[in-house]
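Let me begin by presenting the structure, written as structure tokens, before commenting on it.
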Amino acid sequence: MSKPQPIPFEISHYVRDTCLCLQVQRTARALARSFDDAFRTLDLTSGQFSLLVSLNRPNPPSIGSVASLLAMDRTTLTAALKPLERRRLIRIVVDANDRRSRLLKLTIKGRALLARAVPIWEETHTSLQKRLADGTPGRLRSDLHVLSGSTAMATPTRAEAV
């Protein structure tokens, strides 16, 4: 077996400075930290907020549909739901139409917490948007949807719609 050729150190800098995956991962972690800090007073993480928002629907969604929406596998989603269920923010119920399927319901307590969290999200989101070069996230959001393979197009925030 031949000895592998060393990769020049410049390649490390090139990847660091140009890799879309690395940049999106770094940005996602930084954004999550910003929202985690903002939601700390509610004992809520950014991931839990996203979960609660995804359950805020007229009809309770299935675990599979929420996993798909959040680009999570079902096992990871199930683990993420447990703390919310322990706090009685959500309930997991049997689907009356398919007893093998489980539906996710926000409880009254979950809806109340979400109602307190949304203004915090709006304030934090607005602050982050202002840091973008053009002051609006439309282009960034559109590009991220393309890269994620999402078929749903982003809709403007309330602030953008005004």
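Treat the numbers as computed from the prediction; the structure is a model and nothing was measured.
Taking Thr76 as the reference, Asp73 meet the side chain to side chain donor-acceptor pair (under 3.5 Å) condition, with sequence neighbours excluded. Remark: Glu85 pairs with Ile90, Ile92 by the side chain to side chain contact (heavy atoms under 4.5 Å, CB included) rule, at least two apart or across chains. Contacts of Ser46 classified as side chain to side chain donor-acceptor pair (under 3.5 Å), with partners at least two apart in sequence or in another chain: Asp36. For Asp143, the salt bridge (Lys or Arg N to Asp or Glu O under 4.0 Å) partners two or more places apart in sequence, or in a different chain, are Arg139. Remark: Arg86 pairs with Lys82, Pro83 by the side chain to side chain contact (heavy atoms under 4.5 Å, CB included) rule, at least two apart or across chains. Under the rule for a salt bridge (Lys or Arg N to Asp or Glu O under 4.0 Å), the partners of Arg40 that lie at least two apart in sequence or sit in another chain are Asp37. Under the salt bridge (Lys or Arg N to Asp or Glu O under 4.0 Å) criterion, Arg100 pairs with Asp98, not counting sequence neighbours.
Within a 6.0 Å radius of CZ in Arg57, other residues, nucleotides and ligands contribute more than 12 heavy atoms. Within a 6.0 Å radius of CZ in Arg91, other residues, nucleotides and ligands contribute 12 heavy atoms or fewer. More than 12 heavy-atom neighbours from other residues, nucleotides or ligands sit within 6.0 angstrom of CD on Gln25. No more than 12 heavy atoms of other residues, nucleotides or ligands sit less than 6.0 Å from atom CZ of Arg88.
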Please list every donor-acceptor pair under 3.5 Å in which a side-chain atom of residues 110-120 meets a protein atom from a residue at least two apart or in another chain.
unit_1: Arg111; atom_1: NH1; unit_2: Asn56; atom_2: OD1; d: 3.1

Name every donor-acceptor pair, under 3.5 Å, that has one atom in a side chain of residues 59-70 and the other anywhere in the protein, sequence neighbours excluded.
unit_1: Ser62; atom_1: OG; unit_2: Ser65; atom_2: N; d: 3.1
unit_1: Ser62; atom_1: OG; unit_2: Ser65; atom_2: OG; d: 3.3
unit_1: Ser65; atom_1: OG; unit_2: Ser62; atom_2: N; d: 3.3
unit_1: Ser65; atom_1: OG; unit_2: Ser62; atom_2: O; d: 3.0

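The cluster map of Ile, Leu, Val, Met, Phe, Trp and Tyr, joined by side-chain heavy atoms under 4.5 Å apart, puts Val94 and Leu77 in different clusters. At a threshold of 4.5 Å between side-chain heavy atoms, the hydrophobic network of Ile, Leu, Val, Met, Phe, Trp and Tyr places Leu140 and Leu147 in two separate groups.
If you chain together ILVMFWY residues whose side-chain heavy atoms come under 4.5 Å of each other, Ile11 ends up grouped with Ile7, Val15. Summarising the hydrophobic clusters (Ile, Leu, Val, Met, Phe, Trp, Tyr; side-chain heavy atoms under 4.5 Å, direct or chained), the residues clustered with Val93 are Leu103.
Judged as a ring pair (Phe, Tyr, Trp, His ring centres under 6.0 Å), the pairs with a partner in residues 12-34 (not counting sequence neighbours) are, in order, Phe9-His13.
Closest approach of Arg102 to Arg99, counting heavy atoms only: NH1-O, 2.8 Å. The heavy-atom pair separating Pro137 from Leu132 by the smallest distance is CA-CD1, 3.5 Å. Of all heavy-atom pairs between Thr124 and Ser34, the closest is CG2-O, 4.2 Å. Of all the heavy atoms in Gln129 and Arg141, the pair that sits closest is OE1-NH2, 4.0 Å.
For the atom pair Arg26 CZ and Arg29 CZ, the distance stands at 8.0 Å (nearest 0.5 Å). For the atom pair Ile108 CD1 and Leu89 CG, the distance stands at 12.5 Å (nearest 0.5 Å).
Checking side-chain atoms of Lys109 against main-chain N and O of Arg87 turns up a donor-acceptor pair under 3.5 Å. Within the 3.5 Å criterion, the main-chain N or O of Thr45 finds a donor-acceptor partner in the side chain of Gln48. In terms of modelled atom types and a separation under 3.5 Å, the side chain of Ser12 and the main chain of Pro8 share no donor-acceptor contact. At distances below 3.5 Å, not a single donor-acceptor pair connects side-chain atoms of Ser142 with backbone N or O atoms of Gly138.
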Next item on the list: Determine, step by step, whether Trp121 and Val53 satisfy the side-chain contact (heavy atoms from CB on, under 4.5 Å) criterion, reporting the C-alpha distance in whole Å, the side-chain angles of both residues, the deciding distance to 0.1 Å, and the verdict.
Entry: CA-CA 11 Å; Trp121 174 86; Val53 166; over 6 Å; no
Item checked: Audit row: Leu106, Leu52, side-chain contact (heavy atoms from CB on, under 4.5 Å) steps and yes/no -> CA-CA 7 Å; Leu106 275 177; Leu52 293 176; 3.5 Å; yes
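Inter-residue side-chain proximity for Leu31 and Thr27 is flagged as met; some heavy-atom pair is nearer than 4.5 Å.
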